Amino acid sequence: MTQENFATGQVRYETPAPHVARIVMARPEAHNAQGLQMTYELNAAFDRAAQDEEIKVIILAGDGRNFSAGHDLSGDGGKTWRDFPVVGTWTDFDAKGAEGRYGREMEIYLEMCERWRNLPKPTIAEVQGKCIAGGLMLAWVCDLIMASEDATFKDPVIDFGMPGVEFFMHPWELGIRKGKEFLFTADELTAAEARACGMVNHVVPRDRLSAETLALAEKIAKKPLFALKTTKAAVNHVQDVQGRRNAQMHVFSLHQMMHTHNQLVWGMPMDPNGLPATVRDKVIARAARAREAEAKKSAAE
Ligand code: ZN
């Protein structure tokens, strides 16, 4: 097996078996929380696997106890979008008003997820422990989901005054009624419940998760690559003609409207009352700095 870390080591690239790439979020101390750094490293890793003609199947995994705690709300250590290789064309992530956030979330959440979902080669998420909010987006972009018995899934953003995470797959993944309950209550879904809804393909013991995921990847990797690619494109297309993309774009507008509403009411894009205590102070302080910067910008104009 070969393995390689990208520049800052938040993502590791492995080739654990012939024709299989394994992309690993390697930030277990932060429960693989996803900031800009990890997002662009993941994108580079997916690109690399997509462009390597030897690779046929891609696994997405996370080091440590939990698959993903979701988006990193604590910031990017002073770095801005200008420090990263932006892929789309919305840009201007720090423009004032709703403009900057719209462009930023379009690029790093919505279109990045669409891009990864639409990778031609089959992908498998290997999920253990907690998979929260933005973490769901990472599992959902994959074609198949393997979960360990201890895996749990949760989207708590209604508590922050938001209607679900940006990549809005809840109704497709869970069905309409369960999807609504999942969003309304912000309750945790166990791996067994997620499997019963059809969201998870297989549930296996924690100590067998990587081996079982690799075995599934190797089984798929025996099939002809172009047939795999066209089969995946066919199934994705069926979901898209059912209205997935149209619904997604409408929901994205609602999502942005709620960020703007929260900004007007609370002075920040989320209702701070529902934020986890571990990040609340940081988020409030960052919002205050952002308001100050925007006021300065407006005064200078
Ligand atoms: Zn958002």
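Just so you know, these numbers come straight off a predicted model, no measurement behind them. Order of appearance sets the numbers: ligands from 1, and atoms from 1 within every ligand. Computed over heavy atoms, backbone and side chain alike; hydrogens, waters and symmetry mates excluded.
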Less than 3.5 Å apart, which donor and acceptor atoms pair up between the side chains of residues 224-232 and the rest of the protein, not counting sequence neighbours?
residue: T230; atom: OG1; partner: F226; partner atom: O; Å: 2.9
residue: T230; atom: OG1; partner: A227; partner atom: O; Å: 3.2
residue: T231; atom: OG1; partner: A227; partner atom: O; Å: 2.6
residue: K232; atom: NZ; partner: L119; partner atom: O; Å: 2.6
residue: K232; atom: NZ; partner: K121; partner atom: O; Å: 3.0
residue: K232; atom: NZ; partner: D143; partner atom: OD1; Å: 3.4
residue: K232; atom: NZ; partner: D143; partner atom: OD2; Å: 2.8

Could you tell me whether a side-chain N or O of N262 sits under 3.5 Å from a main-chain N or O of M268, the two making a donor and an acceptor? no
What pairs of donor and acceptor atoms, side-chain ones from residues 81-95 against any protein atom, are under 3.5 angstrom apart with sequence neighbours left out?
residue: W81; atom: NE1; partner: D94; partner atom: OD1; Å: 3.4
residue: D83; atom: OD2; partner: T80; partner atom: N; Å: 2.8

What is the number of protein N, O or S atoms that sit under 2.8 Å away from the Zn ion (ligand 1)? 5
Donor-acceptor contacts under 3.5 Å from residues 158-174 side chains, at least two apart:
residue: E166; atom: OE2; partner: H255; partner atom: NE2; Å: 3.0
residue: H170; atom: NE2; partner: D155; partner atom: OD2; Å: 2.7

Does the R289 side chain pair with the main chain of I284, one donor and one acceptor, at a distance under 3.5 Å? no
For F46, is the NZ or CZ atom of R115 found under 6.0 angstrom from the centre of its six-membered ring and inside 45 degrees of the ring axis? no
